[in-house]
Amino acid sequence: MTITTLDTPSAKPLLDWYDRHHRDLPWRISPGMAARGVKSDPYRVWLSEVMLQQTTVQAVKPYFEKFLERWPEVTDLAAAENDEVMAAWAGLGYYARARNLKKCAEAVAKEYGGVFPDTEEGLKSLPGIGDYTAAAIAAIAFNRQAAVMDGNVERVISRLYAIEAPLPAAKPLMKAKVALLTPSGRPGDFAQAMMDLGATICTPKRPACSLCPFRDACQALKSSDPELFPVKAAKKGKPVRHGAAFIAVTGEGEILLRRRAESGLLGGMTEVPTTAWTARLDGETSAAAAPFAAGWQASGTVIHVFTHFELRLSIWRAAIPSPVDTNDGWWEPVTNLEAQALPTVMKKAIAAAIPFAFKTSRA
DNA sequence: TAGGCGTGGGC
DNA sequence: TGCCCAAGCCT
């Protein structure tokens with residue numbers, strides 16, 4: 001790979017654009033404040049970056065506020081109960097992030113005396129912090145000249161240089177371009193400016209090129225169509241899996257819940273009893289697979305789409321007078337479901353059998 | 001390395 | 001409406 005500085009534009013127009021058009025976000029120090037010496041809190045930067053992994057700003061905002069209010073410092077999070085953290089994360093998705101968040105907080109508290117390491121290498125050694133997040137924290141919280149590359153930056157760079165090679169193979173080339181473009185002054189603002197640009201101007205569809213600070217330098221705009229970039233490798237089809245979920249409700253208004261295995265899909269989260277989720281549609285989706293004998297009644301089907309498969313869950317409901325002894329799980333009052341670590345698919349399953357179990361109809 | 005790993009919004 | 005997409009990480 002040959003990289004030259006000859007075709008590298010200046011970062012100054014981008015930084016000037018950022019000074020005027022940056023987004024105000026709960027975890028962000030505005031460039032004006034930063035220029036006056038206000039430092040961003042590494043804990044807040046880390047917390048927001050982990051939450052923002054593959055997750056939209058709008059989805060993250062309420063979770064960030066909730067976590068910060070409940071656990072104001074990394075040492076507070078380190079001392080929290082795992083179940084509390086998982087319940088607080090419920091609904092945000094990619095639950096391995098929550099497990100790693102807790103592990104990371106504990107490592108920072110115990111191994112680093114409650115202070116985040118200030119180098120990419122040190123940060124990357126922590127659970128849940130990879131290439132992107134390590135560079136982002138190093139740049140934003142510690143003002144290090146790290147090459148920050150996320151999906152936004154990939155899009156901006158691929159267009160700026162009209163990179164024809166498909167992702168993910170083209171990543172090293174793109175990262176080298178980012179490194180050349182990253183200024184030694186204001187590296188954190190540069191990283192955030194690239195991401196704001198990708199989120200608001202250099203969007204996947206219908207980019208607003210006339211408003212872009214790189215409009216004079218952009219090779220895709222000059223010689224092609226920016227919307228054609230980045231080029232991506234072909235995707236594969238999404239398989240369908242089937243299963244059954246069982247919602248048992250006692251006369252006292254309790255529901256049978258249990259805890260999923262610690263690792264894997266929805267690891268460590270709470271669920272209602274379900275069969276295995278298999279590719280085949282067979283007897284396993286019938287009431288014969290229920291956790292105990294009762295008058296199980298079909299209550300429709302819930303379809304939930306995960307990243308790599310579509311789940312069709314047959315819902316079965318039973319009203320029983322009092323709790324039944326089961327090998328695992330517990331009986332939880334329906335009025336206390338909001339406090340459980342229930343992923344969205346489980347809220348949908350419960351809502352299908354008990355329409356008023358949750359405040360919002362969506363789940 | 002490529003696949004596992006959630007969820008909700010936009011078009 | 002079915003897809004694409006969103007501040008990726010881990011194995």
Side-chain angles (χ1 to χ4, degrees), chain A residues 23 25-28 44-64 86 89-101 103-104 123-141 146-156 167-169 171-172 175 178 188 190-200 202-206 227 230 232-241 260-269 271 277 303-311 341-348 360 362-363:
Chain A
R23 291 178 292 176
L25 301 171
W27 45 84
R28 177 179 280 180
R44 294 185 184 217
V45 174
W46 163 72
L47 181 60
S48 66
E49 289 301 341
V50 173
M51 287 183 167
L52 286 162
Q53 288 165 8
Q54 297 288 282
T55 309
T56 58
V57 165
Q58 283 310 314
V60 164
K61 278 180 180 174
Y63 284 85
F64 178 80
M86 298 308 286
W89 194 277
L92 199 54
Y94 284 134
Y95 299 99
R97 292 186 297 171
R99 302 194 293 271
N100 284 329
L101 189 82
K103 288 181 195 163
C104 182
L123 289 161
K124 197 166 150 38
S125 72
L126 291 165
I129 298 183
D131 285 336
Y132 161 75
T133 305
I137 298 173
I140 297 168
V148 178
M149 194 172 73
D150 73 326
N152 286 306
V153 179
E154 286 173 2
R155 189 167 54 254
V156 172
L167 285 170
K171 266 190 167 187
K175 181 139 183 171
V178 175
F190 172 79
Q192 294 177 96
M194 288 287 277
M195 292 188 277
D196 277 20
L197 187 71
T200 65
C202 196
T203 50
K205 304 294 180 189
R206 296 172 55 86
E227 206 168 294
K232 295 189 177 183
K235 296 188 177 177
K236 299 185 176 176
K238 191 165 290 192
V240 177
R241 294 188 200 173
R260 292 179 62 86
E262 286 304 311
S263 62
L265 184 70
L266 307 176
M269 299 295 283
E271 68 172 2
W277 302 342
I303 297 178
H304 189 80
V305 181
F306 291 94
T307 307
H308 54 297
F309 68 92
E310 174 183 314
L311 177 64
L342 287 166
T344 296
V345 61
M346 293 302 159
K347 291 189 175 181
K348 283 160 78 169
T360 59
R362 184 195 313 287

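For the numbers below, each heavy atom of this structure counts, side chains included, while hydrogens, waters and symmetry mates do not. Computed from a predicted structure; not experimentally measured. Letters A, B, ... are given to chains in the order of the sequence lines, protein chains preceding strands, and every chain is numbered from 1.
- Between A/His304 and the phosphate of B/dG6, there is no side-chain N or O to OP1/OP2 separation shorter than 4.0 Å.
- Here B/dT7 presents its C1' atom at 12 Å from CE of A/Met269, a figure rounded to the nearest Å.
- Residue A/Val345 is in sugar-phosphate contact alone, with no base atom involved, counting any heavy-atom pair closer than 4.0 Å across all strands shown.
- Comparing C/dA7 with B/dC11, their P atoms sit 15 Å apart, to the nearest whole Å.
- A donor-acceptor pair shorter than 3.5 Å cannot be found between the side chains of A/Tyr132 and A/Gln53.
- Remark: A/Tyr63 pairs with no residue by the ring-ring contact (aromatic ring centres under 6.0 Å, His included) rule, at least two apart or across chains.
- Rounded to an integer number of Å, the gap from A/Lys61 NZ to B/dT7 C1' is 18 Å.
- For the C1' atoms, the distance linking C/dC5 with B/dG6 amounts to 13 Å, nearest Å.
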Inset, instruction - Indicate for each nucleotide in nucleotides 2-8 of chain C, in 5' to 3' sequence, whether protein heavy atoms under 4.0 Å reach the base (B), only the sugar-phosphate (S), or nothing (-). - result: ---SBBB

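- Taking the six-membered ring where the residue is Trp, the centroids of A/Phe306 and A/His304 are separated by under 6.0 Å.
- Rounded to whole angstrom, the span from the OH atom of A/Tyr95 across to the P atom of C/dC10 amounts to 19 Å.
- With sequence neighbours left out, A/Arg97 forms a salt bridge (Lys or Arg N to Asp or Glu O under 4.0 Å) with no residue at all.
- Under the salt bridge (Lys or Arg N to Asp or Glu O under 4.0 Å) criterion, A/Arg99 pairs with no residue at all, not counting sequence neighbours.
- A gap of 22 Å separates the P atoms of B/dC5 and C/dA6, to the nearest Å.
- For the pair A/Lys347 NZ and B/dG6 P, the interatomic distance rounds to 15 Å; values are reported in whole Å.
- Distance noted for atom P between B/dG8 and C/dC10: 24 Å (whole Å).
- If you take CG of A/Leu311 and P of B/dG6, they are 12 Å apart, rounded to a whole angstrom.
- When rounded to the nearest whole Å, the span between CZ of A/Arg99 and C1' of B/dG4 equals 11 Å.
- The nucleotide whose nearest atom lies closest to any side-chain atom of A/His308 is, among B/dT7, B/dC5, B/dG3, B/dC5.
- Checking each of A/Val156, A/Val153, A/Asp196 against A/Cys202 for a side chain to side chain contact (heavy atoms under 4.5 Å, CB included) leaves exactly one that passes, namely A/Val156.
- Taking A/Lys171 as the reference, A/Glu154 meet the salt bridge (Lys or Arg N to Asp or Glu O under 4.0 Å) condition, with sequence neighbours excluded.
- The separation between A/Lys103 atom NZ and C/dC9 atom C1' is 12 Å, rounded to whole Å.
- Between A/Leu126 atom CG and C/dC10 atom C1' the separation is 15 Å, expressed in whole Å.
- If you check every strand for non-hydrogen atoms under 4.0 Å, A/Pro168 touches nothing.
- C/dG8 and B/dT1 have their C1' atoms separated by 16 Å, with the value rounded to a whole Å.
- Contacts of A/Leu92 with the nucleic acid, taken as non-hydrogen atoms under 4.0 Å apart, include base atoms.
- Under the salt bridge (Lys or Arg N to Asp or Glu O under 4.0 Å) criterion, A/Asp131 pairs with A/Lys124, sequence neighbours left out.
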